[in-house]
Number of protein chains: 2
Amino acid sequence: MIELDEIDRRILLALARDATQSAGALGRRFGLSQPAMWRRIRRLQEAGAIKGRRLRLNAEALGFGVTVFLGVKLGRKGRASLSDFERAVSAIPEVQTVEHVLGLYDFRLRVVARDLPDFERVLRRRIMTLPGAGEVEANVLLSEERLPGPL
Amino acid sequence: MIELDEIDRRILLALARDATQSAGALGRRFGLSQPAMWRRIRRLQEAGAIKGRRLRLNAEALGFGVTVFLGVKLGRKGRASLSDFERAVSAIPEVQTVEHVLGLYDFRLRVVARDLPDFERVLRRRIMTLPGAGEVEANVLLSEERLPGPL
DNA sequence: GATGAAAACACACCGTA
DNA sequence: TACGGTGTGTTTTCATC
């Protein structure tokens, strides 16, 4: 586990919100020089605190107006098929996230589609036919808010 | 809705995976000059295809080893208190994502905690006491895979 | 697509505690 | 040893042609 001081925490929170901020700009905000800030960021990367930098796409603007969360329970107790299911579901283009979870369901999927008819197609022809798929529960996304998190 | 050509799609997919790639490097991969690539990226941003660039933090390395998905159903006449609930839940530091959904639950929350005792504290003292909170269902995250998505 | 100025990055070296 | 500052070459960004 990585030890962080107060400045590290502020850096991570600031960059988690907007990773376009330059080391120089961040340094000015926190009273550090550009190289000092840059070294801190590099140290955090090397320590593994940072997994990567990603573009967040606007799915709606790109024609994917429907996002659905699916809870999937696998059929039989033979959980040798866990990996098979995971591999098969990961190959479906419309699936954005595959979460293996413990609880009422075995997997949680985030699925996008152009519209509801398109989602029905994905559900019936791709998801329901997966090896081992049993019960499926669906929640349609209305709105979403991502927060900075603890730290 | 934004129209994309094949190169735009490849740019977005590449940057969604790793936003550290420079316009020059992407241009070389796709056979475009650095300024041409840079202009495409800017055009995609201005068109709204890109919501932003974010750092992905390694919650586990930062001491948050437990991630739990909660499905929350509001109490019977809780519909007037949707906003109240949303505001209150967004103020809990351990809550990373608040999704307002349609279906069996009203909200889906992504919650992180240092360990299971810590999660129990969050659940009992912060979540269960929220205004309007009714049924709560939990799934503990075992592993997660984020995929590029359709396009 | 090419060129070039401005900005940001990335590193070396030095100072302090 | 650990951290920050200064100085500087390199790379990237971004505007103009």
Side-chain angles (χ1 to χ4, degrees), chain A residues 1-63 146-151, chain B residues 1-65 93 114 146 148-149 151:
Chain A
M1 172 173 156
I2 301 161
E3 286 303 322
L4 306 175
D5 64 15
E6 193 50 36
I7 296 180
D8 286 334
R9 266 188 275 280
R10 293 173 67 192
I11 294 170
L12 289 178
L13 286 175
L15 288 177
R17 203 189 323 252
D18 174 15
T20 63
Q21 296 170 97
S22 72
L26 230 42
R28 280 189 294 280
R29 273 178 52 192
F30 299 158
L32 286 179
S33 67
Q34 175 266 320
M37 180 56 68
W38 181 83
R39 279 191 296 258
R40 273 183 181 265
I41 295 169
R42 189 183 57 172
R43 187 171 51 75
L44 289 167
Q45 301 216 85
E46 285 167 354
I50 297 172
K51 273 188 192 168
R53 288 159 199 257
R54 288 200 164 188
L55 220 60
R56 275 165 40 79
L57 300 183
N58 186 349
E60 200 162 319
L62 295 169
R146 299 204 181 195
L147 304 162
L151 279 198
Chain B
M1 170 174 157
I2 301 161
E3 286 302 322
L4 307 175
D5 65 14
E6 192 51 35
I7 296 181
D8 285 335
R9 268 188 211 94
R10 293 173 67 191
I11 293 170
L12 290 177
L13 287 175
L15 288 177
R17 202 186 323 250
D18 175 14
T20 63
Q21 297 169 95
S22 72
L26 276 176
R28 280 188 295 281
R29 272 177 54 192
F30 299 159
L32 285 179
S33 70
Q34 175 272 321
M37 178 56 70
W38 182 84
R39 278 193 294 263
R40 272 185 184 263
I41 295 170
R42 190 182 57 173
R43 188 173 52 74
L44 288 168
Q45 300 219 83
E46 285 167 356
I50 297 171
K51 273 187 192 170
R53 288 160 199 256
R54 290 200 164 191
L55 220 61
R56 279 164 41 79
L57 300 183
N58 186 349
E60 199 163 320
L62 294 169
F64 294 88
R114 303 199 163 272
R146 300 207 181 193
L151 279 199

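Letters A, B, ... mirror the listed sequences (proteins, then strands); counts begin at 1.
A search for side chain to side chain donor-acceptor pair (under 3.5 Å) contacts involving A:Ser33 returns nothing, not counting sequence neighbours. Qualifying side-chain contact (heavy atoms from CB on, under 4.5 Å) partners for A:Ile2, counting only residues two or more places apart in sequence or in other chains: A:Leu4, A:Ala47, A:Ala49, B:Ala61. Shown here are the side chain to side chain donor-acceptor pair (under 3.5 Å) partners of A:Asn58, two or more places apart in sequence or in another chain: there are none. For B:Arg40, the side-chain contact (heavy atoms from CB on, under 4.5 Å) partners at least two apart in sequence or on another chain are B:Asp5, B:Ile7, B:Asp8, B:Ile11, B:Leu32, B:Arg43. B:Arg17 pairs by the side-chain contact (heavy atoms from CB on, under 4.5 Å) definition with nothing, not counting sequence neighbours. For A:Ala59, the side-chain contact (heavy atoms from CB on, under 4.5 Å) partners two or more places apart in sequence, or in a different chain, are A:Phe64. Residues satisfying the salt bridge (charged side-chain N to carboxylate O under 4.0 Å, His left out) criterion with A:Arg29, sequence neighbours excluded, are absent altogether. Every residue was checked against the salt bridge (charged side-chain N to carboxylate O under 4.0 Å, His left out) condition with B:Arg39, not counting sequence neighbours, and none meets it. Shown here are the side chain to side chain donor-acceptor pair (under 3.5 Å) partners of B:Ser22, two or more places apart in sequence or in another chain: there are none.
Put simply, chain B comes within 4.0 Å of DNA chain D, heavy atom to any atom, from D:dT12 to D:dT16, going 5' to 3'.
Sorted by residue number, the members of residues 9-24 of chain A with any non-hydrogen atom under 4.0 Å from DNA chain C read A:Ser22, A:Ala23, A:Gly24.
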Check your understanding: Which nucleotides of nucleotides 11-17 of chain C have their base under 4.0 Å from a protein heavy atom (B), which only their sugar-phosphate (S), and which neither (-), written as one string 5' to 3'?
Key -> BB-----

